[in-house]
Amino acid sequence: MQLSHRTIMQMGRYREMNLAGVAPDTLLQLYRQMLRLRRTEEAMLREYHPADEMRCPIHFCIGQESVPAALSLLVQRDDFMFSHHRSHGYFFAKNSPLRELFAEIYGKATGASGGKAGSQDISHSETHFYSGAILAGAVSIAVGAAFGFKHRQTRQIAISGFGEGCTDEGAFWEAMNYAGKQKLPVLFVCENNRYATFSDQLKRQANDNVSERVRPFGVRATPIFGNDSVLAYRTLGAEIERLRNGDGPALVEAYTYRWNSHVGPEDDGANAYRTAEEMQFWKDNCPISLLGEKLRGTGHLSDALNARYEAEIGDEIAANFKFAKESPFPTDTNWRRMNYDDASPVADKLLGTIAGGSAFDQYQAEAKLGPY
Amino acid sequence: MSRQLSYAKAILEATDQAMSLSPDVVVLGQLVDTKSGIFGTTTGLVDKHGPDRVQDFPVAENLMTATAMGAALTGLRPVLCHQRLDFMVYSLDAIVNWLGLWRFKSNMKSGMPVTIRTIVGKGWGQGPQHSKNLQAWFAHIPGLRVAVPSTAYDAKGLLLEAIFGETPTLFVEGRGLYSMTDDVPEKPYRVRFGQAAIRREGRDATIVAVGMMVPLALRAAAMLEKENISVEVIDPRTIAPLDRKTICDSAFKTRRLVVADPTWQSFGSAAEIITCVAENLGDKLKAKPIRVTLPDSHTPMSSALETEYYPDENDIVAAVRQTLA
């Protein structure tokens with residue numbers, strides 16, 4: 001049976017989490033990373049109003065911690081990560097410095113993008129993290145990075161995170177076609193959270209999955225219950241290993257759910273696009289609780305350890321807020337320099353300069369175009 | 001020793017030399033690896049530099065630009081080729097939403113050395129979907145450079161400068177210019193962006209001519225010389241950045257301005273050029289400036305109408321006379 005939001009809703013509480021083959025230390029890290037992302041997002045959400053110091057749209061990812069946490073344990077520093085506008089999870093997944101995320105959202109000079117981009121356009125070049133709000137555009141650029149890696153014969157990979165809404169766009173399918181044809185080292189991570197803003201996938205597409213349709217393009221696809229973080233870790237890890245060995249591309253479709261509104265902390269329930277029953281189902285299957293209960297059952301997670309994690313994470317978040325709030329606003333208004341790089345060190349090195357001009361003869365006939 | 005080379009061959013030579021100078025240069029485009037090679041501008045590159053560096057691309061223009069961007073992030077310097085600018089319009093998302101603002105958005109930490117060659121057709125019934133010149137669109141976008149070479153010399157120098165620069169470049173080629181020859185040095189050399197060329201010096205009026213209008217403007221100047229009218233012809237060579245100083249200096253000298261631009265009139269590059277002169281020395285001009293452009297209409301196929309549609313040297317001569325009347 002094809003996994004989909006409809007079939008998942010029929011299963012009740014998820015009971016299939018299997019910890020076999022993953023070291024306890026890794027499982028605890030996975031748990032801690034999810035908790036860290038959750039608490040970070042919750043803190044931002046609380047602080048958003050009425051302070052109104054984070055003056056940009058934020059698309060919170062509470063409920064979708066599993067995939068970013070798993071990726072954060074699997075990516076290498078020189079891998080490239082491309083995200084959509086719901087970017088915090090992927091910024092986190094690339095292990096980019098969280099305090100620069102905080103400062104960016106506060107519009108400060110110390111932000112990852114110097115306060116120019118905000119939550120939905122943030123990038124951090126030093127850790128090769130890039131995002132943007134024009135969905136399939138970022139998927140396409142990830143394919144280009146993979147093209148570069150293949151051309152250079154490195155073992156780097158490109159990771160492209162997106163939601164199922166992105167697959168409405170033609171650019172997405174251009175990317176699938178080329179990645180499949182060229183066997184590029186790119187991992188497509190589709191977090192299928194069912195809704196593009198308020199629009200159900202089945203209002204927009206004939207099928208409520210992405211996996212079935214990418215396979216004919218030569219893209220290997222694995223649908224999973226995305227809130228099983230151990231399954232996500234295992235699946236993503238196996239695909240990343242295959243990609244590094246030249247066996248690409250791959251897509252992992254992780255079914256998951258955002259708990260909050262499409263954007264911002266306000267409730268968007270007035271649009272009546274999802275049911276209370278559905279929201280309850282996904283809260284019952286919270287990725288953090290699912291793994292937490294398992295780890296308590298095996299004795300690896302105690303109340304004391306959990307409290308220690310909470311305290312450490314709380315301290316980190318407080319320090320990040322402090323950094324963001326105390327950082328200066330940007331003051332440079334050299335608009336030209338922001339947009340154009342007038343230096344050309346490579347041209348300076350490789351090209352000679354020849355003064356003087358040409359002896360252009362204006363009486364020559366222009367080219368006659370022939371039959372195309 | 002001077003050496004004559006056609007505009008098309010100059011583009012081929014620049015690309016070939018760029019690929020020899022740096023292994024980072026790759027060429028992507030539909031049919032770039034075929035013998036016909038984009039009207040001869042890529043012919044033979046695949047044999048010399050190999051199929052990894054000269055790659056045919058699916059008919060997926062948006063992805064092509066995005067692929068170049070991602071590849072540039074890994075250190076490559078891609079050169080894209082579009083047989084017609086009209087086809088490139090599919091890649092507007094990649095160009096407008098991503099390429100042009102990459103440097104800005106990354107807080108100047110990340111560059112995008114991508115060169116997009118794009119060809120504007122003219123004549124022999126190219127019609128409304130093979131002849132559009134949308135150069136002004138791209139000059140409007142911050143973060144993009146737009147080259148409009150009119151000579152083989154400039155085509156080579158500007159293409160090398162574009163490929164080895166750090167700001168993404170739209171390289172707009174006039175198909176009509178492909179067979180025109182010029183004195184082109186063999187060695188790689190640079191033509192800088194934002195430096196207009198004074199194609200011909202004169203006293204009585206200034207013609208700023210862009211791209212395919214440059215040879216026409218020079219012919220017009222030669223015709224007017226016979227009437228003892230001395231015309232200065234300025235070729236901006238790049239419209240982004242635009243060498244406003246050279247244009248204004250010439251207009252200040254002659255006090256009369258005609259702008260010949262091979263694009264639609266309204267909101268086009270001619271409007272920007274006249275604006276920059278008006279803002280700087282509007283009250284110094286002795287006559288109202290005049291635009292010689294395409295009409296605000298799509299291109300007709302029929303040769304009978306094409307002749308009417310495209311301005312020629314006589315239209316430029318008439319415009320200059322009007323400024324002197």
Side-chain angles (χ1 to χ4, degrees), chain A residues 80 111-114 116-117 121 123 125-126 128 130 132 134 137 140-149 151-152 156 158 170-171 174-175 177-178 181 335 337-347 350-354 357-372, chain B residues 2 21-22 26 52 58 60 62-63 66-71 73-76 93-94 97-98 103-111 121-124 126 142-143 151 153-154 160-161 164-167 175-185 187-190 197 199 215 218-219 222 241:
Chain A
F80 284 27
S113 305
K116 305 223 170 57
D121 278 305
S123 60
S125 311
E126 298 88 334
H128 309 299
Y130 307 99
I134 319 292
S140 309
I141 298 169
V143 166
F147 172 93
F149 297 145
H151 184 82
R152 293 174 167 284
Q156 288 158 281
E174 291 185 10
N177 176 55
Y178 193 62
K181 166 73 188 109
W335 306 114
R337 199 171 67 91
M338 282 179 217
N339 290 284
Y340 299 89
D341 191 352
D342 288 319
S344 48
V346 177
L350 294 178
L351 301 175
T353 301
I354 291 186
S358 54
F360 179 64
D361 172 10
Q362 68 264 30
Y363 294 108
Q364 301 173 71
E366 291 173 56
K368 287 207 169 45
L369 299 187
Y372 194 95
Chain B
S2 71
L21 282 166
S22 166
V26 294
D52 284 345
N62 194 65
L63 183 75
T67 298
M69 293 179 64
L73 281 178
T74 72
L76 297 179
D93 172 54
N97 280 325
W98 299 94
R103 173 178 166 83
F104 174 84
K105 209 167 84 140
S106 74
N107 200 27
M108 303 180 286
K109 287 188 287 190
S110 179
K122 179 189 173 187
W124 204 79
Q126 297 298 301
T151 68
Y153 178 94
D154 286 354
L160 283 164
E161 184 76 6
F164 292 118
E166 306 304 321
T167 300
R175 176 69 180 88
L177 300 169
Y178 266 39
S179 64
M180 302 186 87
T181 62
D182 191 9
D183 191 5
V184 177
K187 281 197 300 185
Y189 60 93
R190 330 173 55 165
R199 294 276 173 223
L218 288 167
R219 284 175 218 162

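Side chains included, hydrogens not; waters and symmetry mates left out as well; all remaining heavy atoms used. Letters go in sequence order (proteins before strands), and every chain restarts at 1.
If you tally non-hydrogen atom pairs under 4.5 Å between each of A/Gly137, A/Gly170, A/Ala343 and chain B, the highest count goes to A/Gly137. In terms of heavy-atom pairs under 4.5 angstrom with chain A, the leader among B/Ser110, B/Pro241, B/Ala68 is B/Ser110. In terms of heavy-atom pairs under 4.5 Å with chain B, the best-connected choice from A/Gly111, A/Ser140, A/Ser344 is A/Ser140. For chain B, the option among A/Tyr130, A/Phe80, A/Phe149 with the highest count of heavy-atom pairs below 4.5 Å is A/Tyr130.
For A/Glu126, the part lying under 4.5 angstrom from a heavy atom of chain B is the side chain only. Interface remark: B/Asn62 contributes backbone and side-chain atoms alike to the contact with chain A (heavy atom separation under 4.5 Å). Neither the backbone nor the side chain of A/Ala142 comes within contact range of chain B; no heavy atoms are under 4.5 Å apart. With a 4.5 Å cut-off on non-hydrogen atoms, B/Val26 touches chain A through its side chain but not through its backbone. Of the atoms belonging to A/Ala146, not a single heavy atom falls under 4.5 Å from chain B.
If you take CE on A/Met338 and CZ on B/Arg103, they are separated by 10.0 Å, rounding to the nearest 0.5 Å. Distance check, rounded to the nearest 0.5 Å: CG of B/Leu73 to CD1 of A/Ile141 gives 7.5 Å.
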TODO: Carefully, step by step, assess A/Leu351 and B/Leu21 under the rule side-chain contact (heavy atoms from CB on, under 4.5 Å).
DONE: CA-CA 9 Å; A/Leu351 301 175; B/Leu21 282 166; 3.8 Å; yes
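Side-chain atoms of B/Glu166 never come within 3.5 Å of backbone atoms of A/Asp341 as a donor-acceptor pair (strictly under, hydrogens ignored). In this structure a side-chain-to-backbone donor-acceptor pair under 3.5 Å is present from B/Lys109 to A/Ala112. A donor-acceptor contact shorter than 3.5 Å links the side chain of A/Arg152 to the backbone of B/Thr74.
Minimum interatomic distance between A/Ala347 and B/Arg190 (heavy atoms only, all atoms of both residues): CB-NH2, 3.4 Å. In terms of heavy atoms, B/Leu76 sits closest to A/Gly148 at CD1-CA, 4.0 Å. The heavy-atom pair separating B/Pro142 from A/Tyr340 by the smallest distance is CA-OH, 3.6 Å.
With contacts defined as side-chain heavy-atom distances shorter than 4.5 Å, the pair A/Ser123/B/Lys105 does not qualify.
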